[in-house]
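Letters A, B, ... mirror the listed sequences (proteins, then strands); counts begin at 1.
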Amino acid sequence: MRIINKHFNIKQIADSGQCFRMNPVTEKRYGLTAFGRYIELEQVEEDIVEIYCGEDDYRRIWKDYFDLDYDYGLIVDRLCGGSDEFLKAAAAYGSGIRILRQDPFETLISFIISQNKNIPAIKACIERICRAYGEQKKDDASGKVYYTFPSCERLAGARLEDLRAMKLGYRDEYVIAASRAVAAGDIDLDKLKAGSHEEAIKELKKIKGIGSKVANCISLFGLHHIDAFPVDVWVKRVLSEYYRDGFDAGIYGGYAGIVQQYMFYYIRHIHGRQT
DNA sequence: GTCCAGGAACTCA
DNA sequence: TGAGTTCATGGA
């Protein structure tokens, strides 16, 4: 499927820290494992992405996954036409970023693991978990062997001693507890997705190992509450370097999470961070 | 070898 | 509420 969209850049999305299983195959081609499938995408032109899937899969899965019904140009234009110089530059630089609609459980576990780790380390941990607990599959189109992200039931049944080999550090017990809570129905992610961002944060923070930042990431990237505003070390850096007088995310009511992604992506670029 | 990472729990004031 | 400490592990 060929997608023509001025705000769809797969490299920017892959490097925006929201997903951990989208990696380069060649310079312009990326492989992505999500929802039990593997696909490849290619940035053909600045505003053209080729998604290597059939029209049926595109309509059922990937159109929604890449949030292609939403007009990111509206927000980029608004920021670029505004008076906030940092956001002007940030939005222009990351204008191809989109907020993916990822699987809630995968996002929950991924961001529990993410705490106090850099992105390559997070990716390595998740890959180990998928190899050990996920399902091995083979993509017919590319011939690529891949591993799906494990279900909550599968991870809920994991033994702590075994999970320890995944090198999650002290986060391993958080992962098991959270998986068991989801499997048991103590946490209803679908319900949190249907509800408000505030409600989701309140419920997510009840889980040990989930604080404000991780809860906001899960809300934004897993439940698609785009009014979430995760503050990690990089966003803190932005706020202290460029907003000495304070920053009110509330003025971007409704889409603060998208603004936050432009900030995150841009400040990392300024500091020369590739991964 | 040192510092840091999409932090959170815990302690103590 | 707020500041300081501790927690595993690996990337840079």
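- Residue R128(A) is out of contact with every strand shown, counting any heavy-atom pair closer than 4.0 Å.
- dG6(B) and dG4(C): their C1' atoms are spaced 22 Å apart (whole Å).
- By the stacking rule of 5.5 Å between ring centres and under 30° between planes, F111(A) does not stack on the base of dG6(B).
- In this structure, P230(A) reaches the bases: a heavy-atom distance under 4.0 Å links it to at least one base atom across the strands shown.
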Query raised in the report: Can Q260(A) and Y265(A) be said to form a side chain to side chain donor-acceptor pair (under 3.5 Å), step by step?
Result: CA-CA 9 Å; Q260(A) 182 273 162; Y265(A) 185 69; over 6 Å; no
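- Counting non-hydrogen atoms under 4.0 angstrom, S16(A) reaches a base of the nucleic acid.
- A cation-pi arrangement is present between R29(A) and Y52(A), with the terminal nitrogen or guanidinium carbon under 6.0 Å from the aromatic centre and inside a 45° cone about the axis.
- Between the side chain of N116(A) and the base of dA8(C), at least one donor-acceptor pair of N or O atoms lies under 3.5 Å.
- Here V231(A) lies out of heavy-atom contact (under 4.0 Å) with every strand.
- Distance from the side chain of Q115(A) is smallest for dG7(B) among the nucleotides dG6(B), dA9(B), dG7(B).
- With hydrogens and angles ignored, a donor-acceptor pair closer than 3.5 Å exists between the side chain of Y170(A) and the base of dG7(B).
- If you check every strand for non-hydrogen atoms under 4.0 Å, Q261(A) touches a base.
- Note on K167(A): only backbone sugar-phosphate atoms sit closer than 4.0 angstrom, heavy atoms only; bases stay farther off.
- Contacts of G17(A) with the nucleic acid, taken as non-hydrogen atoms under 4.0 Å apart, include base atoms.
- Counting only heavy atoms from C-beta on, V214(A) has its side chain closest to dG7(B) among dG7(B), dG6(B), dA9(B).
- The separation of dA5(B) from dT6(C), taken at their C1' atoms, amounts to 16 Å, rounded to a whole angstrom.
- The only member of W62(A), Y146(A), F149(A), Y147(A) that meets ring pair (Phe, Tyr, Trp, His ring centres under 6.0 Å) when paired with Y38(A) is Y146(A).
- For the OP1/OP2 pair of dA5(B) and a distance below 4.0 Å, the side-chain nitrogens and oxygens of R237(A) include at least one atom meeting the criterion.
- For K213(A), the side-chain atoms get nearest to dG7(B) when compared with the rest of dA9(B), dG7(B), dA12(C).
- Counting non-hydrogen atoms under 4.0 angstrom, F221(A) reaches a base of the nucleic acid.
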